[in-house]
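As structure tokens, the structure follows; a few thoughts come after it.
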Amino acid sequence: MNRSLLISFVKQDLVDRYAGSLLGSLWAFILPLVNILIFTVIFSKVMGARLEGLGAEFSQYNYSIYLVSGVLAWNAFSATISRVTSCLHDRAGMISKVNIKLQYLPVYVLISESIVYVISMSFFVLFLLFIGYPITVEWLWLPLVFLLQQLLAYTIGFTCAWLSVFIRDIKEIVPVVLQLWFWCTPIVYVIGMLPPSLQVYFEINPFYAFVNLYRQIIVTHSIEGFGGVLLWGGLSFFVLCFSLWLFSRLERDVRDFI
């Protein structure tokens, strides 16, 4: 896929999200802003107080910062997996008419979701600056962590995408798995609330490594746990290479089945 076509897909994807609405692409800024306000104002008052009652210590905005740092990353991660998985089905009409390399087609989803994440994080940073929260040098690691996260998301999504052409149930299973995955990851709750016997199982949850590192960087200003994220990123790279190789041998069949 050439660069101009990829950019065109990204622009069209961002426009299509809010096609027909009066404010159009402005919703790409309004919705993240509204979500940040809800998370930081409402959840800081409600959930923060409840978690304090369970033994977790949070000041006025600490829970909101804890929550948003995980939720924004999860939104980008899950949306990338879900949309890349359905990409070949969604673009089936175009695939039959345009000679395009299918292994590169879902990249526009990856870029589009990354743009939405950057917009959301920008509002989050503005909020942190407003309340006087420190933005430390450890924040410079965030782009690399996000890149590795999206590599994992794209690997899962792309593999599910071409497999779902042959096994249609995969497209329906992915949203269910993502819903379960969300609640099996300490995003809205604190892992310390769980029994120690259950906490050990979180080490096999790849997104836990990412959400934990986001919070290490943003909340505790350290990069402890980067090794685990790097391990998942390396594993994702090799799995993606294998998936691309296998797909290249089956691409003709994929085109016939779509």
Side-chain angles (χ1 to χ4, degrees), residues 1 6 10 13 32 65-85 87 103-122 124-125 128 135-163 174 177-178 180-188 191 199 201-247:
M1 183 188 300
L6 178 60
V10 172
D13 183 63
I65 297 169
Y66 174 91
L67 175 65
V68 173
S69 60
V71 167
L72 294 185
W74 172 262
N75 287 346
F77 180 74
S78 61
T80 300
I81 294 176
S82 179
R83 297 189 60 221
V84 170
T85 297
C87 181
Q103 60 266 45
Y104 302 128
L105 177 61
V107 173
Y108 80 89
V109 174
L110 184 68
I111 297 175
S112 176
E113 293 301 331
S114 298
I115 291 173
V116 173
Y117 174 79
V118 169
I119 294 173
S120 300
M121 277 297 292
S122 298
F124 184 40
V125 170
L128 294 179
I135 307 295
T136 62
V137 68
E138 286 80 12
W139 278 66
L140 295 175
W141 289 91
L142 286 179
L144 178 57
V145 177
F146 182 74
L147 178 65
L148 294 173
Q149 169 198 298
Q150 291 302 85
L151 175 61
L152 174 61
Y154 189 79
T155 299
I156 296 172
F158 177 75
T159 304
C160 290
W162 66 265
L163 285 176
V174 166
V177 172
L178 287 173
L180 293 173
W181 197 347
F182 175 81
W183 291 109
C184 288
T185 307
I187 296 175
V188 299
I191 192 172
Q199 293 181 23
Y201 293 105
F202 282 85
E203 295 181 2
I204 62 175
N205 178 352
F207 195 74
Y208 172 66
F210 286 94
V211 75
N212 183 57
L213 184 55
Y214 280 117
R215 285 164 176 163
Q216 290 289 340
I217 292 173
I218 296 174
V219 179
T220 63
H221 314 299
S222 72
I223 57 171
E224 183 180 352
F226 181 74
V229 164
L230 194 60
L231 177 64
W232 282 112
L235 181 61
S236 300
F237 176 76
F238 286 110
V239 172
L240 180 60
C241 289
F242 177 74
S243 182
L244 288 169
W245 173 80
L246 196 57
F247 174 79

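Every value quoted in this text rests on a predicted model; they were computed, and no experiment measured them.
- Contacts of T85 classified as side chain to side chain contact (heavy atoms under 4.5 Å, CB included), with partners at least two apart in sequence or in another chain: I81, C160, V174.
- Contact check for W139 versus I218: side-chain heavy atoms found under the 4.5 Å cut-off.
- Atoms CZ and CG, on F237 and L148 in that order, are 12.0 Å from each other to the nearest 0.5 Å.
- Residues meeting the side chain to side chain contact (heavy atoms under 4.5 Å, CB included) test with V219, sequence neighbours left out: I65, Y133, R215.
- In this structure, the side chain to side chain contact (heavy atoms under 4.5 Å, CB included) partners of E224, at least two apart in sequence or on a different chain, are Q216, S222.
- Sorted by first and then second residue, the side chain to side chain donor-acceptor pair (under 3.5 Å) pairs involving residues 151-163 (not counting sequence neighbours) are T159-S243, W162-S243.
- When the side chain to side chain donor-acceptor pair (under 3.5 Å) test is applied to W181, the partners found at least two apart in sequence or on another chain are N205.
- Contact detail for L72 and S120: the closest heavy-atom pair is CD2-CB, 3.8 Å.
- Taking every heavy atom of both residues into account, A209 and G228 meet most closely at CB-C, 4.4 Å.
- Evaluation of the ring pair (Phe, Tyr, Trp, His ring centres under 6.0 Å) rule for F210 yields no partner, not counting sequence neighbours.
- Each of Y208, F207, F182 was compared with F77 under the ring-ring contact (aromatic ring centres under 6.0 Å, His included) criterion, and only F207 meets it.
- A search for side chain to side chain donor-acceptor pair (under 3.5 Å) contacts involving Y214 returns Q149, not counting sequence neighbours.
- Note: L142 CG to L147 CG = 12.5 Å, rounded to the nearest 0.5 Å.
- To the nearest 0.5 angstrom, L151 atom CG is 5.0 Å from S236 atom OG.
- Counting all heavy atoms, side chain and backbone alike, C87 lies closest to P106 at SG-CA, 3.9 Å.
- With rounding to the nearest 0.5 Å, the separation of CG in N212 from CD1 in I191 is 7.5 Å.
- Partners of S82 according to the side chain to side chain donor-acceptor pair (under 3.5 Å) rule, which considers only residues two or more places apart in sequence or in another chain, do not exist here.
- Under the 3.5 Å distance criterion, the side-chain polar atoms of Q150 are left unmatched by any main-chain donor or acceptor of S114.
- Atoms CD1 and OG, from I156 and S78 in turn, are 11.0 Å apart once rounded to the nearest 0.5 Å.
- Panel note: side chain T80, backbone A76; a donor-acceptor pair is recorded below 3.5 Å.
- The shortest distance between side-chain heavy atoms of L144 and F226 falls below 4.5 Å.
- With sequence neighbours left out, L244 forms a side chain to side chain contact (heavy atoms under 4.5 Å, CB included) with Q103, F158, L240.
- Partners of W232 by ring pair (Phe, Tyr, Trp, His ring centres under 6.0 Å), not counting sequence neighbours: none found.
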Using the rule given for side-chain contact (heavy atoms from CB on, under 4.5 Å), can you reason through V84 versus E113, listing the C-alpha separation, both sets of side-chain angles and the distance that settles it, and then say yes or no? CA-CA 10 Å; V84 170; E113 293 301 331; over 6 Å; no
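- Interatomic distance, I223 CD1 to W141 CH2, rounded to the nearest 0.5 Å: 4.5 Å.
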